Protein chains: 2
Amino acid sequence: MKRNPKTEESAIPQTHPEPDDKDREILKLLQENARMSVTEIASRVHLSPTPVHERIRRLEEWGVIRQYATLLDAQKLDKGLMVICYVSLKQHDKKAGLKFIQAINGLNEVVECYSISGEFDFMLKVLAKDMAGFYDFHVNRLSQVENLGHVQSVFVMGVIKQTHKMLF
Amino acid sequence: MKRNPKTEESAIPQTHPEPDDKDREILKLLQENARMSVTEIASRVHLSPTPVHERIRRLEEWGVIRQYATLLDAQKLDKGLMVICYVSLKQHDKKAGLKFIQAINGLNEVVECYSISGEFDFMLKVLAKDMAGFYDFHVNRLSQVENLGHVQSVFVMGVIKQTHKMLF
DNA sequence: ACTGAAAGACACAGACT
DNA sequence: AGTCTGTGTCTTTCAGT
């Protein structure tokens with residue numbers, strides 16, 4: 001169990017950023033519906049609204065809650081094609097890496113980017129309207145990025161599962 | 001412009017599930033903060049609360065809005081390791097595929113699964129506490145799935161970008 | 001489709017246990 | 001750390017334009 005490092009000897013556990021079981025119950029509910037009212041959460045976790053409110057405030061403060069997001073339907077918003085792009089860089093020094101990261105953050109089509117193990121340096125998840133849209137992205141936007149080595153693309157033919165749930 | 005196919009000749013455009021510019025402005029705001037009040041959205045898109053409320057209701061009904069989700073911090077909830085797993089199946093008939101999909105949906109560690117082009121059949125995004133946790137998942141959960149062929153894992157060393165934004 | 005008004009529910013803060 | 005109570009704001013509905 002983590003202890004607050006403020007006073008080394010404190011045997012009394014102080015308030016520290018470890019969500020307890022009630023916090024987790026609250027997070028489970030919010031995970032599925034960010035708009036659930038504090039009142040309803042309270043009744044489901046068998047607490048009154050005030051402590052629930054305070055717990056949520058703390059979870060936000062600790063950064064356990066990153067964002068209240070609205071998830072949209074890609075198909076219905078002209079983003080029906082998902083492509084996984086593997087890219088390697090020509091140069092691997094720190095400065096080149098940072099420039100690449102900056103470039104990626106400027107590409108709205110790239111919704112995720114990870115530094116990965118293996119023969120490629122990065123994995124990108126790209127959303128496009130269709131194949132023509134992806135081709136345009138590839139040729140006019142991605143290929144223009146400095147220091148780019150090889151690119152290999154894997155096309156997503158179907159979504160089997162897609163969730164953000166970490167707690168059950 | 002799409003028209004309602006109910007009556008083939010209807011020249012009058014009926015209400016149809018195409019978000020207009022105001023809808024998109026609302027979606028842009030909700031995308032970033034699912035808890036933004038209707039009142040505040042209204043003031044930002046220069047409308048009164050009532051039509052904003054009605055537009056949001058329609059966007060939910062059309063399925064453009066999939067979910068109001070709370071995104072949590074994986075690191076702070078013992079899910080600090082992300083692994084991309086490529087898997088191929090032994091048999092590729094429809095029945096075998098459906099059984100695989102069912103099995104994947106039962107694995108909480110798998111947060112995303114896509115059917116992909118290339119030598120593998122599926123790509124999985126897996127969250128685990130650490131390498132020991134992933135090993136446990138691999139040996140005791142994933143490998144137990146029926147009809148599983150090869151598995152190849154790519155480890156995520158760093159998150160460069162992670163968003164769900166489709167509108168800008 | 002939007003405006004304005006009106007009811008009910010909720011968030012949030014305070015005093016108390 | 002939680003309950004109870006009150007106030008102001010927001011959501012939500014409805015009649016009207």
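Here the structure is a predicted model, which means the values were calculated and not measured. In what follows, chains are A, B, ... by sequence order, proteins preceding strands, each numbered from 1.
- Other cluster members for B/Val139: B/Tyr135, joined by side-chain heavy-atom distances under 4.5 Å among Ile, Leu, Val, Met, Phe, Trp and Tyr.
- Cluster annotation: B/Phe122 and B/Leu127 are assigned to distinct hydrophobic clusters (Ile/Leu/Val/Met/Phe/Trp/Tyr, side-chain heavy-atom contacts under 4.5 Å, transitive).
- A/Leu71 belongs to no hydrophobic cluster, as no Ile, Leu, Val, Met, Phe, Trp or Tyr side chain comes under 4.5 Å of its own.
- Rounded to 10 degrees, the angle between the two end axes of the helix from C/dA1-D/dT17 to C/dT17-D/dA1 is 30°, with five pairs used at each end.
- The side chain to side chain contact (heavy atoms under 4.5 Å, CB included) check on A/Glu54 picks up A/Arg57, A/Arg58, with sequence neighbours excluded.
- In this structure, A/Arg57 reaches neither bases nor backbone, as no heavy-atom distance under 4.0 Å exists between it and the strands shown.
- What separates NZ of B/Lys22 from P of C/dC2 is a distance of 9 Å, to the nearest Å.
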Inset, instruction - Going 5' to 3' through nucleotides 4-17 of chain C, assign each nucleotide B (protein heavy atom under 4.0 Å from a base atom), S (under 4.0 Å only from sugar-phosphate atoms) or - (no protein heavy atom that close). - result: B-----SSSBB---
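- The side chain of B/Arg55 places no N or O atom within less than 4.0 Å of a non-bridging phosphate oxygen (OP1 or OP2) of C/dA1.
- Per the geometry, CD belonging to B/Glu54 stands 15 Å off C1' belonging to D/dA15, to the nearest Å.
- With sequence neighbours excluded, the residues that form a salt bridge (Lys or Arg N to Asp or Glu O under 4.0 Å) with B/Arg141 are B/Glu109.
- In this structure, A/Ile56 places its CD1 atom 16 Å from P of D/dA1, rounding to the nearest Å.
- Shown here are the side chain to side chain contact (heavy atoms under 4.5 Å, CB included) partners of A/Met157, two or more places apart in sequence or in another chain: B/Ser115.
- Distance, B/Ile41 CD1 to D/dT9 C1': 16 Å, rounded to whole Å.
- Residues satisfying the side-chain hydrogen bond (donor to acceptor under 3.5 Å, both in side chains) test with A/Lys22, not counting sequence neighbours, are none.
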Kindly list each side-chain donor-acceptor pair under 3.5 angstrom involving residues 160-168 of chain A, sequence neighbours excluded, with atom names and distances?
residue, atom, partner, partner atom, Å
A/Lys161, NZ, B/Ile104, O, 3.3
A/Lys161, NZ, B/Leu107, O, 3.0
A/Lys161, NZ, B/Val110, O, 3.0
A/Gln162, NE2, B/Tyr114, OH, 3.1
A/Thr163, OG1, A/Lys165, N, 3.1
A/His164, NE2, A/Gln31, O, 2.8
A/Lys165, NZ, A/Glu32, OE2, 3.1

